[in-house]
Amino acid sequence: MTAGGSTLRLTNTLTRRVEPFEPLTPGQVSIYCCGVTVYDLCHLGHARSYIAWDVLRRYLIWRGYQVTFVQNYTDIDDKILNRAAEEGSSMEAVSERNIEAFVADMARLNILPADRMPRATRSLDAIRLLIQELEARGAAYSADGDVYFAVMKHAGYGKLSGRDLSEQQDNASGRVADEEEARKQHPFDFALWKGVKPGEPSFPSPWGPGRPGWHIECSAMVREELGDTIDIHLGGADLIFPHHENEIAQSEAATGKELARYWLHNGMVNVGGQKMSKSLGNFTTIRALLDSGVSPMTLRLFTLQAHYRKPLDFTAEALDAAATGWKGLNAALGLAALREGEPNSADGDTASQVIPVQPSSDPGSLSPELAQERERFAAAMDDDLNTSAALAVLFELAKPLRALANRIERGDQAAAAEATSPEAQARLGLLQELASVLGLRHEQAAAPTTTDGPDDTAIEALIEQRKAAKANRDFASADRIRDELKAKGIELIDKPGGLTEWLRG
RNA sequence: GGCGGCAUGGCCAAGUGGUAAGGCAGAGGAUUGCAAAUCCUUUACCCCCAGUUCGAAUCUGGGUGCCGCCUCCA
């Protein structure tokens with residue numbers, strides 16, 4: 001499928017090349033995205049990853065594909081059990097709570113909910129069936145209640161991560177051999193099923209009570225939800241090995257078919273040049289950042305300014321720059337609401353404002369200039385989702401609209417009339433359309449985050465004093481009042497017509 | 001040690017053979033009693049060395065630096 005004559009090209013980790021994207025079934029795309037292990041809140045690394053894949057999904061829809069997007073929850077895992085033990089609750093309680101938090105966080109970031117979100121604990125039949133098939137094919141062996149995948153029996157193991165078992169062995173065998181290690185035939189063998197340990201929840205199986213290993217759940221859920229071969233498999237670059245390598249081995253050993261045709265991986269979010277991670281303690285949760293006053297769209301813009309495969313350094317400076325940049329785009333996008341007074345986002349509740357992505361509008365109705373901008377956008381996105389270049393198009397589309405919006409805000413009647421012109425409306429329409437492909441939407445100005453300092457009536461009284469001083473051309477007194485309030489975190493903004501607005505800093 | 005990736009202006013970041021997008025910050029100007037906001041204009045030869053080429057940030061070789069994976073991780 002093409003638009004404007006070009007073809008979407010994506011970097012496929014499997015081949016380490018940029019390849020033209022052609023789905024298995026023309027017009028339809030099946031996508032599986034590795035989800036979170038729900039033992040804690042999501043941090044900015046998750047935000048970056050899921051924003052990137054949300055944009056991929058939105059772009060495919062815009063290009064006219066019918067997309068089926070599946071993302072799992074890993075809701076059985078050592079870390080969940082540890083967390084439950086720490087807080088004296090249960091695996092289910094920890095999972096449930098974090099799934100709710102995940103849904104809320106994603107909604108705030110305007111990430112479209114997946115079409116289906118399977119959970120490991122609800123996919124046990126598919127998991128057990130897959131393990132049995134692997135056993136029957138001689139690809140797995142059981143040992144003391146555990147079942148392992150035999151990597152040496154699977155030709156092609158290592159094809160995704162570029163690893164060679166024979167070269168890895170020396171190094172790998174030098175590891176500390178714990179109890180589990182001792183049961184393995186090869187150091188790279190991994191658990192498909194883990195026999196129950198005292199005090200742990202377990203599920204029945206032909207190998208005795210226990211629970212699934214991490215990798216097998218994805219293989220099982222992919223197959224159950226989307227079939228033996230899917231178009232695109234997504235995840236963070238840190239999942240390439242061993243997770244995705246093992247997923248491929250399991251699935252392909254069982255089905256004899258290719259698991260996924262395109263493997264896409266996003267780069268990590270770094271802090272001070274190092275990967276954001278729990279173990280380093282350098283993480284910021286999505287909700288902590290958003291609750292600190294950073295707007296969801298600012299975070300979205302911040303992540304989309306870099307290419308999805310590259311590492312993204314998280315710094316306060318870069319985030320500030322994104323916030324200022326977003327202000328400009330936001331002003332232009334707000335033109336519609338400003339002109340029509342439509343309350344489409346007046347409630348400020350971001351969760352209720354998911355703008356559905358529409359397939360691309362007819363570019364034939366656009367002026368030559370707008371058609372060219374649209375084409376630039378599509379060409380950028382076709383080039384392995386070059387969102388940085390695509391954003392440049394948005395900024396250029398927004399520029400004159402932003403100027404109009406600012407003039408209107410100051411009561412410029414001519415600007416208000418200009419905004420209703422067919423040219424301005426067409427430009428705004430295209431901007432909104434392309435912004436929605438990136439999941440960017442107008443945001444209302446943030447409400448004051450603090451109520452510290454003088455109360456409203458005291459401030460109003462001082463503003464009246466200052467107004468009187470100004471009327472007497474006593475600017476020294478007027479400025480003194482401004483400075484005093486500023487010291488208390490109150491900023492005064494003089495507007496046309498003698499009005500003075502104020503904000504709490 | 002093995003595998004992979006990255007090095008572009010003060011900061012972030014596009015750009016894979018023809019003479020450097022965009023954002024932020026800065027500078028100059030307009031406007032404003034001041035301030036904020038806004039508007040206009042403006043700022044780079046691309047880590048180092050050697051090669052290929054009429055021509056390279058862009059290709060090749062070497063070097064230096066940084067990062068990720070090899071254990072759970074988006």
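So you know, we letter chains A, B, ... as the sequences are listed, proteins then strands, and number each from 1. Owing to the predicted nature of the structure, the values given are computational and were not obtained by experimental measurement. For the numbers below, each heavy atom of this structure counts, side chains included, while hydrogens, waters and symmetry mates do not.
Partner of A/Arg9 under the salt bridge (Lys or Arg N to Asp or Glu O under 4.0 Å) criterion, out of A/Asp382, A/Asp383, A/Asp384: A/Asp383 alone.
Between A/Tyr308 and A/Trp53, the ring centre distance stays below 6.0 Å.
Rounded to the nearest Å, the gap between the P atom of B/U43 and that of B/A20 is 12 Å. Spacing of P atoms, B/A7 relative to B/A13, comes out at 9 Å, to the nearest Å.
The base of B/A35 is paired with the side chain of A/Arg482 by a donor and an acceptor separated by under 3.5 Å. On a pure distance criterion of 3.5 Å, a polar donor-acceptor pair joins the side chain of A/Asp479 and the base of B/G33. If you check distances only, the side chain of A/Asp494 does reach the base of B/C34 with a donor-acceptor pair under 3.5 Å.
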With the sugar-phosphate defined as primed atoms, P, OP1 and OP2, and the base as all remaining atoms, what B/S/- string results for nucleotides 18-23 of chain B, 5' to 3', for protein heavy atoms under 4.0 Å?
---BSS

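When both pairing distances are held under 3.5 Å, B/A27 makes a Watson-Crick or G-U pair with B/U41. Using N1 to N3 plus N6-O4 or O6-N4 for Watson-Crick, or N1-O2 and O6-N3 for G-U wobble, each under 3.5 Å, B/U64 pairs with B/A7. Under the Watson-Crick and G-U wobble criteria, each requiring two contacts below 3.5 Å, nucleotide B/G51 is paired to B/C59.
Rounded to a whole Å, the CG atom of A/Leu492 is 14 Å from the P atom of B/A37.
With the nearest nucleotide of RNA chain B identified for both A/Arg48 and A/Ile240, A/Ile240 has the one nearer the 5' end.
Side chain of A/Glu443 to main chain of A/Met297: a donor-acceptor pair is present (N/O by atom type, distance under 3.5 Å, no hydrogens or angles).
At the heavy-atom level, A/Phe302 lies nowhere under 4.0 Å from the strands shown.
We find that A/Glu373 and A/Arg376 are joined by a salt bridge, their nearest charged nitrogen and carboxylate oxygen being less than 4.0 Å apart.
Counting non-hydrogen atoms of neighbouring residues, nucleotides and ligands closer than 6.0 angstrom, the NZ atom of A/Lys278 exceeds 12 such neighbours.
Figure legend: cation-pi geometry between A/Arg57 and A/Phe69, with NZ or CZ positioned under 6.0 Å from the six-membered ring centre and within 45° of its axis.
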